[in-house]
Every structure is written in structure tokens, then in C-alpha cells.
Amino acid sequence: MGEPYYITTAISYPNGRPHIGHAYEAIAADVIARFQRLNGRDVRFQTGTDVHGLKMLQKARELDTTPRALADEMSQYFKDMCDRLDVSYDRFIQTSEDDHHRASQAIWKAMEANGDLYLDRYEGWYSVRDEAYYAEDELVDDGQGGKQSPQGTPVEWTVEESWFFKLDAYQDKLLALYDEHPEFLQPDTRRNEIVSFVKSGLRPLSISRTSFDWGVKVPGSDGHVMYVWVDALTNYLTGLGYPDDTELMAKHWPADLHLIGKDIVRFHAVYWPAFLMSANLPVPKQVFGHGFLLNKGEKMSKSVGNVVDPFALADAFGVDQLRYFLLREVSFGQDGSYSPQAIAMRSNADLSNSFGNLAQRILSFIAKNLDGYLPAIRGHQPADAALFEVLTDALQTEMPKAFEELSLSQGIEAWMRAVFACNAYVDEQAPWALKKTDPERMETVLATLYIAIAQLSIAISPVIPSSAKALLDHMGVPDEVRSLGAMGSHWYSPLAESDYQVGVPKPLFPRIDLPAEDAE
RNA sequence: GGCGGAGUAGCUCAGCUGGUUAGAGCGGCGGAAUCAUAAUCCGUAGGUCGGGGGUUCAAGUCCCUCCUCCGCUACCA
């Protein structure tokens with residue numbers, strides 16, 4: 001096995017069903033994970049759900065069920081989503097699991113042993129009805145000279161016993177981390193925000209609650225459960241067997257990449273490394289805060305009613321079409337916009353017309369004119385070598401480099417350039433004309449294209465895994481060849497000599513015709 | 001208010017440490033071809049690079065200022 005690579009998504013808070021934003025993060029992480037596998041890395045990929053906290057408790061009460069039952073039920077939707085979208089996780093964690101409680105308590109004890117925790121009082125404006133604290137500036141006038149919560153519920157000054165973490169003690173170490181390892185937090189704009197936040201001064205962090213009990217118990221402190229972020233972040237360790245001295249921990253910690261949404265950058269770029277430093281554990285190599293998906297340029301929200309169900313999108317457009325669209329169209333790290341029209345256009349232009357049709361025209365030509373027997377290579381001409389050079393450059397240099405840097409859409413652009421080059425080559429060489437004038441040359445041209453199509457499929461397989469696999473299977477490309485390292489090896493002639501026959505292909509990506517209704 | 005980011009062809013965007021006629025994709029237009037999912041290929045589009053000022057032999061690319069939009073400015077998952 002190659003070098004270890006550990007990637008995680010954030011764990012989702014399942015107080016509602018998964019929406020397209022969850023799908024986007026899971027898909028992006030999956031593409032990176034699959035790319036690294038293709039790249040020969042020993043990949044571990046974790047995702048899951050964060051089920052503790054007040055909101056889940058409230059939701060459970062609302063539905064007249066227990067938080068655990070609700071957590072199990074809702075988590076299943078997220079698991080189903082991953083399965084539906086071909087998200088190839090190794091571990092799906094749910095924070096109510098026993099090993100996770102054990103890991104969270106272990107990191108707590110480690111921080112305590114390091115002298116960073118202390119018991120004190122948390123004071124603030126508390127709304128009994130909301131079961132939440134509000135900051136002074138969040139309060140609104142109640143119309144009678146008093147204050148009330150933004151929800152219009154009464155608040156009172158409340159004092160609660162709470163454990164605190166000496167976050168302020170880590171200010172300098174955190175700033176040094178950002179400074180010495182700019183790659184730790186990406187994109188740059190997120191790092192700027194965090195640096196200025198940390199520079200503005202850190203305060204101790206309240207990390208336990210006594211007002212409810214749905215969470216991880218604080219060790220040796222009855223009545224306290226951990227502030228959800230303490231246990232939520234710890235999930236990244238739980239999945240590796242922490243606190244035990246496991247092979248997984250040795251191999252995969254620190255994580256290579258925590259892929260998260262831009263809204264939770266602070267927790268991952270400030271609290272998490274501070275917790276880890278306190279517990280004497282190495283910090284992750286990189287945190288990447290991706291952007292949000294906007295529905296036709298507008299933020300999704302339940303109240304507006306423009307939340308999109310990923311299952312519905314997958315059904316309507318196809319899983320690979322959806323995956324391709326999200327990664328090709330959205331510049332990774334920035335917000336992106338999507339609409340049915342945009343998905344259809346992108347899928348039709350790139351997948352159906354350019355790539356799918358390339359495979360279709362060549363494979364069916366071979367199937368119809370050569371009975372599906374693979375043509376022999378009878379001496380290459382400069383044009384063939386030129387095509388291979390373009391392919392190698394795009395697929396084995398540019399694309400991996402871009403993916404390594406998480407410039408995913410740029411990597412796919414490089415792939416598209418290779419696809420264009422192949423279609424241009426087809427038109428220049430015109431095998432249908434060679435059929436009458438120079439059948440031997442025709443064979444070489446078709447063989448060249450066969451190899452090219454296989455390479456294109458292998459390179460794009462992280463993005464459109466099931467379509468790529470279907471095509472490679474149809475073409476009889478051996479499994480051993482399906483990696484970045486081996487895609488350029490000599491597998492074609494042995495396959496051709498083995499009397500392999502390609503069947504008449506079916507269009508890989510049927511064109512999407514949108515119904516006239518633009519609404520929704 | 002403070003800090004940070006963005007404003008480039010109809011649309012979506014590239015443009016690193018300043019330097020030949022400002023680029024790509026999509027759409028549009030004009031050709032070619034007919035193997036293929038009416039798919040492909042070639043050519044084309046002349047946009048004051050948000051406004052104004054400045055530095056420089058030379059500025060989307062640096063400085064100042066103004067306008068517009070967005071993000072962050074802690075205990076909410």
C-alpha cells in the first residue's frame with residue numbers, strides 16, 4: 001500500500017433530512033478520496049452524524065420520541081444519501097456510539113491532565129423556553145422597557161456551573177500555526193478571517209452544560225455533558241480507535257484533510273487544534289472550508305422553501321451527472337449556484353456530447369466495422385504521438401496537480417481539453433474515410449482512440465465512478481490498469497490479441513431534455 | 001465601525017511575483033464533415049477589465065479615493 005491519506009467530511013447535524021449542501025460536501029470528499037486511491041494512496045475516508053445537543057433533544061420531544069431513536073432514524077437518511085451518491089466512506093460514525101463516548105472522555109481527560117480545564121460559572125441571559133443563552137446584543141425590546149429573546153420569549157440573568165477550556169492560552173500557538181503552515185487553513189480568505197479573529201483575543205471557552213443531558217457525560221463531574229463541539233470534533237479520532245494505541249491511529253493521524261463548510265471554519269481551525277495541542281496530539285495537516293450552494297443565486301432555507309433534496313436531483317439527472325456538475329461548475333472553495341438548467345446544460349455539453357459521444361462513435365465504429373475485434377496498431381504517425389502527448393500532459397500531470405491542490409474544477413477542465421483533443425483527432429483522421437482508402441491506418445487510428453478513451457475514463461473515474469467503471473468494463477480494460485500510475489502501461493495489445501470483442505455500446509450519458517417548466 | 005474578499009465579453013468565470021494585438025467554456029453567428037447520443041470539427045464574437053486620480057518606459061495586474069455586493073467580528077447546532 002502507498003502513503004496513508006485520511007480525509008473526513010464534517011459530521012452532519014441530522015435535525016432534518018439531508019439537503020444538497022450535505023450532498024455537495026460528501027461528493028467532494030468522495031472525489032478527493034477516490035482520486036487519492038487512484039493515485040495509489042492508502043485512503044481512509046470518514047463521514048457521519050453529530051447527534052448530540054439541545055436541538056436534537058427538542059426535536060425528539062416535538063416528535064414524541066427519544067433522542068436516540070431520532071438520531072438512529074435521521075442518521076439512516078444520511079447513510080442512504082451516501083450510498084445513493086456513491087460516496088465511498090470507510091466509516092460512518094454516529095456520535096451516540098459507545099466508542100465515541102469513550103474517545104471524547106479520553107480527550108477530555110487528556111486536556112484536564114494538561115491543566116487546561118477548570119470549573120467555573122457561566123453567566124448570561126437565559127431563556128427557559130428556548131433553553132438557550134443569548135448575548136446582550138441579541139436581545140430585543142419587549143415593548144415594556146424590558147428585554148426579551150429574538151424569539152420573543154422572556155429571558156433572565158442566569159448563572160450556571162460550567163467547565164471551561166483555557167482557549168486563551170493557545171492564542172500564540174495558533175497564530176504560529178497559521179503563520180508557519182499557511183496550508184493548514186484554506187482557502188486564503190478563510191485563513192485571513194481566522195487570523196484576525198484570533199488576533200482580536202481569545203477567551204476561555206465554556207465546554208460543558210448542565211441544562212440537559214443528551215450528550216457525552218463529563219468524566220467525574222455528575223450533571224455535566226460536554227459542549228457538543230468538544231465531542232463532535234473528536235469524531236475524527238474516534239474513527240481511528242483513539243484513545244487506544246491502534247494501527248489506524250499510527251497510520252492515519254494526523255488527518256490529511258478535514259473538508260468542511262465555511263460556516264464551521266472556526267471550530268475546526270481554532271478550537272480543534274487547540275484541543276489537540278492540549279491533549280498532546282498532532283494537529284491535522286489541512287482544513288478546507290468549501291463554499292455554499294445557492295439555488296439560482298439565492299441561499300437555501302426551509303422558510304423560503306427552496307431546499308433541494310439530493311435524492312430527487314440524483315433521480316432526475318443521474319448520480320454521475322450531478323457529481324460532475326457540482327465539481328465542474330463550482331469553483332471549489334467559493335459559493336456556487338445551481339439550477340436544473342445549469343445541470344442539464346453542463347451534463348449535455350461535457351458528458352453527453354463531448355465525452356460520451358466520443359466513446360460512442362469510436363466503440364460503435366469498431367463494433368460495426370471490425371465485428372468488435374480490437375484493431376491492431378500498425379505503426380504510429382506523428383499525429384498519434386501528438387495526441388498521446390496531450391493526453392499524458394492533461395491526465396497525468398495537470399489533472400493530478402490540480403486535484404492535489406483541491407482545484408477540482410480546474411482539474412476537470414484539463415480533462416475536458418484532452419477530450420476535445422480526441423474529438424479533433426477523430427475528425428482530422430476521419431477513420432470512416434480511411435476505411436476505403438487505407439484500412440491499416442484506420443486500424444491504428446481506432447486503436448489509438450481506444451487507448452485514449454480508456455485513459456480518459458480512468459482519469460475521470462473519481463468524479464463519475466459508476467459510468468467510468470461501466471465504460472472500462474465494456475471495453476475490457478483490466479483492473480490493474482485502472483490507476484494513475486498504470487494507465488499508461490501496455491495493456492492494449494495483449495487485450496487485442498486475446499480476441500476480446502467490444503459489443504455495440506449504449507449511450508453512456510443520455511441527453512437531458514428539460515421539461516418546459518422553468519419554475520421551481 | 002474594524003478586518004478581509006469580490007466587481008473582466010450576453011452568461012459562468014481564468015488571468016502568478018506589472019510588459020507583445022485582455023483569455024477559456026457556454027450561448028449566438030458562419031463554414032466543414034457525416035463515424036456518432038441532430039452529437040463532432042474549424043472560424044468568428046471587437047469587452048472603456050466598477051468610477052476617478054496617481055506611480056511607471058509599461059497596469060485588470062501596484063498606490064490613493066469613491067460606488068456596489070459579500071464574508072468575518074465566539075459559545076448556535
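Here A:Phe365 does not pack flat against the base of B:C35, since the 5.5 angstrom centre distance and 30 degree tilt limits are not both met.
Under the 4.0 Å criterion applied to side-chain N and carboxylate O atoms, A:Glu193 and A:Arg190 are assigned as salt-bridge partners. Ion pairing of A:Asp72 with A:Arg68 is absent here, as no side-chain N (NZ or NE/NH1/NH2) approaches a carboxylate O to less than 4.0 Å. Ionic pairing of A:Arg209 and A:Glu160 is not present here: no N-O contact between side-chain nitrogen and carboxylate oxygen is shorter than 4.0 angstrom. Salt bridge annotation for A:Arg378-A:Asp438: absent, with no cationic side-chain nitrogen under 4.0 angstrom from a carboxylate oxygen. Electrostatic pairing of A:Glu329 and A:Arg346 counts as a salt bridge here, judged by a charged N lying under 4.0 Å from a carboxylate O.
Summarising the geometry, the separation between CE on A:Met416 and C1' on B:U12 is reported as 15 Å, rounded to the nearest angstrom. Remark: P of B:G27 and CD of A:Gln341 are 15 Å apart, rounded to the nearest angstrom. In this structure, A:Gln429 places its CD atom 17 Å from P of B:C35, rounding to the nearest Å. Rounded to whole Å, the distance from CG on A:Leu449 to C1' on B:C35 is 11 Å. If you measure from atom CD1 of A:Ile194 to atom P of B:C72, you get 10 Å, rounded to the nearest angstrom. Rounded to whole Å, atom P of B:A14 lies 8 Å from atom CD of A:Gln410. One atom, CZ of A:Arg190, and another, C1' of B:A6, lie 12 Å apart when rounded to the nearest Å. Distance A:Asn423 CG to B:C42 C1': 13 Å, rounded to the nearest Å.
A 3.5 Å limit on both hydrogen-bonding distances identifies B:G31 as the Watson-Crick or G-U partner of B:C41. With both pairing distances under 3.5 Å, B:C11 is matched to B:G25 as a Watson-Crick or G-U wobble pair. Base pairing annotation: B:G60 forms no Watson-Crick or G-U wobble pair, as no partner gives both donor-acceptor distances under 3.5 Å. Figure legend. B:C16 is base-paired to no nucleotide; pairs are counted as Watson-Crick or G-U wobble with both atom distances under 3.5 Å. Pair assignment for B:G1: B:U73, on the basis of Watson-Crick or G-U wobble contacts that are both within less than 3.5 Å.
One C1' atom belongs to B:U34, the other to B:U40, and the distance between them is 9 Å to the nearest Å. A distance of about 33 Å separates the P atoms of B:G23 and B:C66, rounded to the whole Å. Separation of the P atoms belonging to B:G10 and B:G5 is 28 Å when rounded to the nearest angstrom. To the nearest whole angstrom, the two P atoms, one in B:A74 and one in B:C67, are 26 Å apart. Taking atom C1' on both nucleotides, B:G18 is separated from B:U61 by 6 Å, rounded to a whole Å. Between B:U56 and B:G4, the two C1' atoms lie 28 Å apart (nearest whole Å). B:U44 sits 25 Å from B:G60 when the C1' atoms are compared, rounded to a whole Å. The same atom, P, is picked in B:U21 and in B:G28; the two are 32 Å apart, to the nearest Å.
OP1 or OP2 of B:A39 has at least one side-chain nitrogen or oxygen of A:Arg511 nearer than 4.0 Å. At the phosphate of B:G2, neither OP1 nor OP2 sits under 4.0 Å from any side-chain N or O atom of A:Lys199.
When each of A:Tyr122 and A:Ser364 is assigned the nucleotide of RNA chain B bearing its nearest heavy atom, the one mapping closer to the 5' terminus is A:Ser364. Remark on RNA chain B: of its neighbouring residues A:Arg346 and A:Gly53, the 5'-side contact belongs to A:Arg346, judged by nearest-heavy-atom nucleotide.
Nearest nucleotide to the side chain of A:Glu193, out of B:G71, B:A39, B:C35: B:G71. Comparing B:A74, B:C26, B:A77 by their closest approach to the side chain of A:Met345 singles out B:C26. Considering only the side chain of A:Leu202, B:A74 comes nearest among B:A36, B:U40, B:A74. Comparing atom distances between the A:Arg209 side chain and each of B:C75, B:G4, B:C35 picks out B:C75 as nearest. Comparing B:G5, B:A36, B:C75 by their closest approach to the side chain of A:Asn357 singles out B:A36. Proximity note for A:Trp229 (side chain, C-beta onward) versus B:A77, B:G4, B:A74: the nearest is B:A77. Ranking B:G71, B:U40, B:A39 by closeness to the A:Arg361 side chain, first place goes to B:U40. When distances are taken from the side chain of A:Phe420 to each of B:A36, B:A77, B:C41, the shortest belongs to B:C41.
Ring pair A:His22/A:His19 is tilted by interplanar angle, where 30° to 60° counts as tilted. In this pair, A:His258 and A:Trp272 present their aromatic rings tilted. The plane angle is within the 30 to 60° band. Between A:Phe275 and A:Phe165, the ring planes lie perpendicular to each other; the angle is over 60°, past the 30° to 60° tilted range. Relative orientation of the A:Tyr118 and A:Phe164 rings is parallel, given thresholds of 30° and 60° on the angle between their planes.
Within 4.0 Å of A:Lys368, counting heavy atoms only, lie sugar-phosphate atoms of the nucleic acid but no base atom. Using a 4.0 Å heavy-atom distance criterion, A:Leu167 is classed as a base contact. Using a 4.0 Å heavy-atom criterion, one finds that A:Asp50 contacts the sugar-phosphate atoms exclusively. At the heavy-atom level, A:Phe165 lies nowhere under 4.0 Å from the strands shown.
Between the side chain of A:Asn353 and the base of B:A39 there is no donor-acceptor pair of N/O atoms closer than 3.5 Å.
Nucleotide B:G60 is shown with a syn base, its glycosidic torsion being within 90° of 0.
Note that A:Arg17 lies in the cation-pi zone of A:Tyr77, set by a 6.0 Å cut-off to the ring centre and a 45° limit from the axis.
Contact between A:His474 and A:Leu363 at its shortest, heavy atoms only, is CD2-CD1, 4.0 Å.
Sorted by residue number, the members of residues 319-336 of chain A with any non-hydrogen atom under 4.0 Å from RNA chain B read A:Gln334.
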